Amino acid sequence: MNHVARIAYIDHSFHRSTRSTEFLPEILERRGHVVDHFWDDAWQGGKPVAWSDVASHDVVIMFQSFCRPDASYFRQSHPNVVYIPMLDQFGLWQGPLYNLSAFWEPFQGSKVLNFSNALQSMTTAFGIASHFVRYYQPVAASPAAAREGLHGFFWLRRELQLPWKTIRQLIEGVRFDSFHLHLATDPGTPAPQLPSAEDIARHRITTSTWFEHRADLHAVMDRANVYFAPRAEEGIGQSFLEAMGRGQCVVAPNHGTMNEYILPGVNGLLFDIHNPQPLDFSEVARLGEHARESTIAGRAAWEAAEEELVRFILTPSEALYVGRYQHAFAMDAPADPPPATPPAASPIARLRAFSQRHAFFRSTRVIWHPMIRLARQLLGR
């Protein structure tokens, strides 16, 4: 697709300050496309993005936040809508989610771009045209300077999810030569509980609450060789990816997206957030080296996948559904005109068509399908 596309990019307004989602507009603009940003402020009582503001664009991309047209399905209001969910918006780390069909139903017939393999599995299971790509940031030319001993960094962002007492359980039995706590919690979260005087002395803990310049925060991060991920779950996970790129050993909960990038004992350490146990920190230098190597390889794979990603975004949604299947949720969609004299369907063909339309029969295929095979053999079909 060679023409210049005008693209509406709807994004959660929290990302306006972090700029953590700017990589996608940059890719599109680098190829000559026009990207208009729309910031959704409804999450904090502000103004939502109106559908009328974006409906005339060639492509509507919705990053986590989205605005709804009057129609039941996005496909009924626009030929090319791309939704980008973030894994952490679903809270999967808290336990299984039993029914998300109501959430995903409006996206039937549109497209979903996933940065998590777990989300890719979810959206394809709902029959939505989906594309998966694993993001990696550009990697610094050289890793952080190697240091002898153990030097930790932990940004305490969410006291109720991942407090200091959890980190303390992970490092039980070892002594860190230095440990920095950045005490800047996310909006709306409780104030952090500080380490005890004994912990401060044992691990030589220093603290900060704010840095006027981001470079000052990075300078403190660079002094660590063990980086403790700050959240129970991530959308993409820019902060721990930066740490891996610096060559640090990342310690993270065994949840997405951390466990989609980290192989425990190979390029980092994972732990059970509901039952944290002391970890082995004897190989942090090797784990950090492998973490950096994996991000270098991952960045090359990301850059190689850019063309396919852009093609997915620009391709009208309808083209990705042609000849695939009848939508489970699209019973209102007009059917193709029947032939003048439709052939009579056999009972087996009718049963097969019925099973394709109803989820219960698809899920019980292992029971009834052997009977169909036996019937075919008996009937010689």
Side-chain angles (χ1 to χ4, degrees), residues 7-16 18-25 27-28 35 37-43 48-49 51 54 59-69 72-75 77-78 80-136 161 186 231-241 255-261 302 305 308-310 312-313 315 317 320-321 327-329:
I7 301 169
Y9 193 69
I10 303 167
D11 199 354
H12 196 288
S13 64
F14 183 73
H15 299 148
R16 193 170 199 165
T18 65
R19 302 188 65 83
S20 60
T21 64
E22 285 300 296
F23 63 89
L24 191 54
I27 290 173
L28 295 165
V35 180
H37 284 75
F38 297 85
W39 298 102
D40 177 27
D41 208 31
W43 63 282
V49 178
W51 177 257
V54 301
V59 185
V60 178
I61 299 177
M62 302 181 294
F63 201 117
Q64 190 170 356
S65 294
F66 56 87
C67 56
R68 293 290 295 272
S72 300
Y73 297 90
F74 284 101
R75 70 170 185 268
S77 298
H78 197 282
N80 197 350
V81 170
V82 183
Y83 180 53
I84 306 175
M86 291 285 97
L87 183 65
D88 58 332
Q89 76 188 70
F90 299 100
L92 297 177
W93 71 276
Q94 301 176 78
L97 298 179
Y98 295 101
N99 190 354
L100 282 173
S101 60
F103 177 86
W104 289 113
E105 184 170 352
F107 299 101
Q108 296 287 336
S110 295
K111 299 183 295 184
V112 171
L113 173 60
N114 289 311
F115 292 99
S116 159
N117 187 58
L119 282 178
Q120 177 73 358
S121 299
M122 182 191 298
T123 55
T124 53
F126 279 104
I128 303 172
S130 304
H131 182 75
F132 168 62
V133 63
R134 183 166 284 131
Y135 177 67
Y136 285 88
Q161 285 186 11
D186 287 352
R231 300 173 64 199
E233 197 170 44
E234 291 287 357
I236 294 179
Q238 302 277 20
S239 58
F240 79 81
L241 287 174
H255 295 291
T257 58
M258 292 81 74
N259 60 9
E260 297 186 17
Y261 290 88
W302 163 261
E308 186 179 359
L309 169 62
V310 172
F312 175 80
I313 290 172
T315 300
S317 304
L320 300 180
Y321 288 93
H327 259 274
F329 296 102

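Just the heavy atoms: all of them, side chains too, but no hydrogens, waters or symmetry mates, feed the values below. Keep in mind that this is a model prediction, so the values were computed, not measured.
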Peer 1: Minimum heavy-atom separation for Q161 to A232, with atom names?
Peer 2: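 The pair with the smallest heavy-atom distance is OE1-N, 3.3 Å.
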Peer 1: Nearest 0.5 Å, please: how far is OG1 in T257 from CE in M86?
Peer 2: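 M86 CE to T257 OG1: 8.5 Å, rounded to 0.5 Å.
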Peer 1: Going by the side chain to side chain contact (heavy atoms under 4.5 Å, CB included) test, name the single residue among N114, V112, L24 that passes it with I84.
Peer 2: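 Output: one option passes, namely L24.
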Peer 1: Measure the spacing between OG of S116 and OH of Y261 and express it to the nearest 0.5 Å.
Peer 2: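 Output value for this atom pair is 8.5 Å.
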Peer 1: Quick one: CG on L100 to CD on E105, what's the gap to the nearest 0.5 Å?
Peer 2: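 L100 CG to E105 CD: 12.5 Å, rounded to 0.5 Å.
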Peer 1: Is the shortest heavy-atom distance from the side chain of L87 to the side chain of E234 under 4.5 Å?
Peer 2: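 No, too far: nothing below the 4.5 Å cut-off.
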Peer 1: Mind checking whether Y83 and F74 have ring centres under 6.0 Å apart?
Peer 2: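 Between F74 and Y83, which both carry aromatic rings, the centre distance is not below 6.0 Å.
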Peer 1: Do V59 and L28 pass the side chain to side chain contact (heavy atoms under 4.5 Å, CB included) test, and can you show the C-alpha distance, the side-chain angles, and the key distance before you say yes or no?
Peer 2: CA-CA 11 Å; V59 185; L28 295 165; over 6 Å; no
Peer 1: Contact between Y321 and I128 at the side-chain level, heavy atoms closer than 4.5 Å - yes or no?
Peer 2: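 Contact flag for Y321/I128 side chains = yes.
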Peer 1: Answer yes or no: is there a side-chain heavy-atom contact under 4.5 Å between H78 and W51?
Peer 2: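 A side-chain contact exists here, since the closest heavy-atom pair is under 4.5 Å.
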Peer 1: Applying the side chain to side chain contact (heavy atoms under 4.5 Å, CB included) criterion to P85, which one of F66, W104, F107 satisfies it?
Peer 2: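 The side chain to side chain contact (heavy atoms under 4.5 Å, CB included) with P85 is passed solely by W104 among F66, W104, F107.
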Peer 1: For the residue pair M62 and V81, establish whether any side-chain heavy-atom pair is separated by less than 4.5 Å.
Peer 2: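 SC-SC contact between M62 and V81 confirmed.
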Peer 1: Determine whether R75 and S317 make a side-chain contact, defined as any pair of heavy atoms from C-beta on separated by less than 4.5 Å.
Peer 2: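 A side-chain contact is absent here, since even the closest heavy-atom pair is not under 4.5 Å.
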Peer 1: Heavy atoms only: give me the nearest T315-L320 pair and the separation to one decimal.
Peer 2: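 Scanning both residues completely, I find the closest heavy atoms to be CG2-CD2, 4.1 Å.
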Peer 1: Relative to the ring of F63, is the ring of F115 parallel (under 30°), tilted (30 to 60°) or perpendicular (over 60°)?
Peer 2: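 If you compare the ring of F115 with that of F63, the planes turn out parallel.
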Peer 1: Where do F90 and E233 land on the side chain to side chain contact (heavy atoms under 4.5 Å, CB included) test, with the steps shown first?
Peer 2: CA-CA 10 Å; F90 299 100; E233 197 170 44; 5.9 Å; no
Peer 1: If we only count heavy atoms from C-beta on, is the H37 to P25 side-chain gap below 4.5 Å?
Peer 2: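 Yes. Closest side-chain heavy atoms under 4.5 Å.
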Peer 1: Using side-chain heavy atoms (C-beta onward) and a distance below 4.5 Å, is S65 in contact with V49?
Peer 2: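 With C-beta onward as the side chain, the pair stays apart.
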Peer 1: Roughly how far, to the nearest 0.5 Å, is the CG atom of L241 from the CZ atom of R134?
Peer 2: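 Answer for the CZ-CG pair, R134 versus L241, is 10.0 Å.
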Peer 1: Can you find a pair of side-chain heavy atoms, one from H131 and one from L113, that are under 4.5 Å apart?
Peer 2: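 Side chain of H131 against side chain of L113, heavy atoms only: contact under 4.5 Å found.
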Peer 1: Can you tell me how far apart CG (L119) and CD (Q89) are? Round to the nearest 0.5 Å.
Peer 2: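 Reported to 0.5 Å precision, the distance equals 7.5 Å.
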Peer 1: Could you tell me whether a side-chain N or O of K111 sits under 3.5 Å from a main-chain N or O of I313, the two making a donor and an acceptor?
Peer 2: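 At least one qualifying donor-acceptor pair exists.
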Peer 1: Between W302 and Y135, how do the two ring planes meet: parallel, tilted or perpendicular, split at 30° and 60°?
Peer 2: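 Rings of W302 and Y135: perpendicular, as their planes differ by over 60°.
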Peer 1: Looking at every non-hydrogen atom in both residues, tell me the closest pair between A8 and F38 and how far apart they are.
Peer 2: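 Between these two residues, the closest heavy atoms are CB-CE1, 3.8 Å.
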Peer 1: Identify the heavy atoms of N117 and E260 that sit nearest to each other, and give their distance.
Peer 2: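 Smallest interatomic distance, heavy atoms only, reads N-OE1, 2.7 Å.
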